[in-house]
2 protein chains.
Amino acid sequence: MKLGTKGRYAVMALVDLAYYSKGKPLAVTEIAQRQSLPASYLEQLFATLRHKGLIASTRGHQGGYSLAREAETIRISEILEAIGEPIETTRCSKTSDTGCVGTKGTCLTHALWAGLGQQMHQYLNGISLADVCERRLT
Amino acid sequence: MKLGTKGRYAVMALVDLAYYSKGKPLAVTEIAQRQSLPASYLEQLFATLRHKGLIASTRGHQGGYSLAREAETIRISEILEAIGEPIETTRCSKTSDTGCVGTKGTCLTHALWAGLGQQMHQYLNGISLADVCERRLT
DNA sequence: AGCATTCCTGACTAATTTAGTCAAGTATGA
DNA sequence: TCATACTTGACTAAATTAGTCAGGAATGCT
Ligand code: FES
Ligand code: FES
């Protein structure tokens, strides 16, 4: 049950973006250096975040990335889902081929894992980028 | 952010054990069949669960495994930790070589992930095997 | 005693996922 | 025109997961 670098990096980068960008777009290399993340990897992540509409890009000289919306309105749960790091506590939902669906609909532990997933989602959905920036965390 | 089979299988098996064992020990193959889990894999898992003191074994004919303690006193969080599926939302804690510890102690998102981890642990710590058996889940 | 049953252990492996790198191209402003 | 910076896709090394397999050891039943 671990969080991968993809999700962590994405959130770190967006927090950095929200924190240091003053209206102007920031270059990937700048963010990568400041957060000590691999720049080429971050470029990949930013590409998908852009496709998902969380950030906007400006090309050419003085270009870079900026948040597509206000930091207050971007929730952590959104970022993780956009980057492809979803909360998967159950294994039965989608395909059902690898799923643990028994004869009686769901396995004995389904409700447990579903509850855990809901708990996590609730937490991450209640926190915005701005909250992290200003350290408003419980 | 996904739960591996190791953790899920361990909990499923212990729930089965708590649910179907009436004082008598149950064989691994029986549990594996009922929950449709790979038996040889489950044997491995049960070995480590025994070493951690969560279950007890009886060898020979009519042997099998039984809970070492009352189902009411075994928390899900214990099982996951025992089986080696810990909650790892941060990456800085232990070794610090792969950690994302920046110059100023902790990275910008540390508190966020720590909060998530605490949330998860709290949830799983508040639920016992007996709770799952009797479907007392929120 | 002998035999079936069941736990017990360690080594080994195939497949998947993660965590990236790298190279080449495109757009932009100075 | 040139340096800057985004954009894309292909490729890969390493780690982790999810098991299998073979053999051994204890126990109770007949
Ligand atoms: S987790 Fe949904 S059926 Fe097992
Ligand atoms: S998660 Fe602890 S310092 Fe980044």
Side-chain angles (χ1 to χ4, degrees), chain A residues 1-13 17 21 24-33 35-52 54-68 80 83-86 88 91 95 97-100, chain B residues 1-13 17 21 24-33 35-66 68 80 83-86 88 91 95 97-100:
Chain A
M1 203 72 200
K2 64 179 63 168
L3 178 67
T5 59
K6 215 165 48 170
R8 190 189 332 272
Y9 289 177
V11 175
M12 285 175 77
L17 195 49
S21 165
K24 294 296 163 194
L26 296 184
V28 166
T29 57
E30 184 187 337
I31 299 177
Q33 273 192 12
Q35 302 297 328
S36 44
L37 309 177
S40 52
Y41 192 30
L42 234 199
E43 263 176 5
Q44 244 187 68
L45 301 182
F46 269 29
T48 81
L49 288 177
R50 185 177 68 89
H51 286 130
K52 299 289 181 177
L54 283 180
I55 53 180
S57 66
T58 314
R59 299 174 77 148
H61 216 90
Q62 304 284 353
Y65 287 96
S66 41
L67 294 179
L80 292 180
I83 204 61
E85 184 115 20
E88 284 181 4
R91 269 228 180 154
T95 51
D97 55 346
T98 43
C100 56
Chain B
M1 203 77 201
K2 63 179 61 167
L3 178 67
T5 60
K6 215 165 49 171
R8 190 190 331 273
Y9 290 176
V11 174
M12 285 175 77
L17 195 48
S21 166
K24 294 295 165 195
L26 297 183
V28 166
T29 56
E30 185 186 337
I31 299 177
Q33 273 191 13
Q35 302 296 326
S36 43
L37 309 176
S40 52
Y41 192 30
L42 234 201
E43 263 176 5
Q44 247 187 68
L45 301 183
F46 269 29
T48 81
L49 287 177
R50 185 177 68 88
H51 287 129
K52 298 290 181 174
L54 283 180
I55 55 180
S57 66
T58 314
R59 299 172 76 147
H61 217 90
Q62 306 283 356
Y65 288 96
S66 40
L80 293 179
I83 204 59
E85 183 114 22
E88 284 181 2
R91 271 227 179 154
T95 50
D97 56 345
T98 44
C100 55

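Each chain gets a letter, A, B and so on, in the order its sequence line appears, and its residues count up from 1. Only a predicted model underlies this, so the values are computations on that prediction, with no experimental measurement involved.
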Notebook entry, point to check: In whole Å, what is the span from the CG atom of A:Leu26 to the C1' atom of D:dC6?
Noted result: 14 Å

Check: How far apart are the C-alpha atoms of A:Ile31 and A:Tyr65, what are their side-chain angles, what is the distance that settles it, and do they pass the side chain to side chain contact (heavy atoms under 4.5 Å, CB included) test?
Finding: CA-CA 10 Å; A:Ile31 299 177; A:Tyr65 287 96; 5.7 Å; no

Next item on the list: May I ask you to decide if A:Leu3's main-chain N or O and A:Glu85's side chain share a donor-acceptor pair within less than 3.5 Å?
Entry: no

Check: Heavy atom of residues 45-65 of chain B under 4.0 Å from DNA chain D: which residues?
Finding: B:Arg59, B:Gly60, B:His61

Next item on the list: Measure the distance from OH on A:Tyr41 to C1' on D:dA10 and round it to the nearest whole Å.
Entry: 16 Å

Item checked: Residues in salt bridge (Lys or Arg N to Asp or Glu O under 4.0 Å) contact with A:Glu30, at least two apart in sequence or another chain -> A:Arg34

Checklist line | Atom of B:Ala10, atom of B:Ile83 and distance for their closest heavy-atom approach | finding: CB-CG1, 3.9 Å

Notebook entry, point to check: Who pairs with B:Pro38 by side-chain contact (heavy atoms from CB on, under 4.5 Å), at least two apart in sequence or on another chain?
Noted result: B:Tyr9, B:Tyr41

Check: What heavy-atom pair brings B:Ser21 and B:Leu26 nearest, and what distance separates the two atoms?
Finding: N-CD1, 3.8 Å

Notebook entry, point to check: What's the NZ-C1' distance between A:Lys24 and D:dT4, to the nearest Å?
Noted result: 16 Å

Notebook entry, point to check: How long is the line joining CZ of A:Arg91 and P of D:dT17, in whole Å?
Noted result: 11 Å

Next item on the list: Using atom CD of B:Gln44 as one end and atom C1' of D:dA18 as the other, report the distance to the nearest whole Å.
Entry: 9 Å

Checklist line | Nucleotide range of DNA chain C lying under 4.0 Å from chain A heavy atoms | finding: C:dA19 to C:dG29

Check: Mapping A:Ser40 and B:Ala27 onto DNA chain C by nearest heavy atom, which one lands closer to the 5' end?
Finding: B:Ala27

Checklist line | Derivation and outcome, side chain to side chain contact (heavy atoms under 4.5 Å, CB included), residues B:Leu80 and A:Met1 | finding: CA-CA 9 Å; B:Leu80 293 179; A:Met1 203 72 200; over 6 Å; no

Margin query: Over all strands shown, is B:Leu37 touching base, sugar-phosphate only, or nothing at heavy-atom distances under 4.0 angstrom?
Written below: nothing

Check: Whole-Å distance between D:dT17 P and B:Met1 CE?
Finding: 13 Å

Checklist line | Partners meeting salt bridge (Lys or Arg N to Asp or Glu O under 4.0 Å) with A:Lys2 (sequence neighbours left out) | finding: B:Glu88

Side-chain donor-acceptor pairs under 3.5 Å in residues 47-59 of chain B, sequence neighbours left out?
{"residue": "B:Thr48", "atom": "OG1", "partner": "B:Leu45", "partner atom": "O", "Å": "3.1"}
{"residue": "B:His51", "atom": "ND1", "partner": "B:Ala47", "partner atom": "O", "Å": "3.1"}

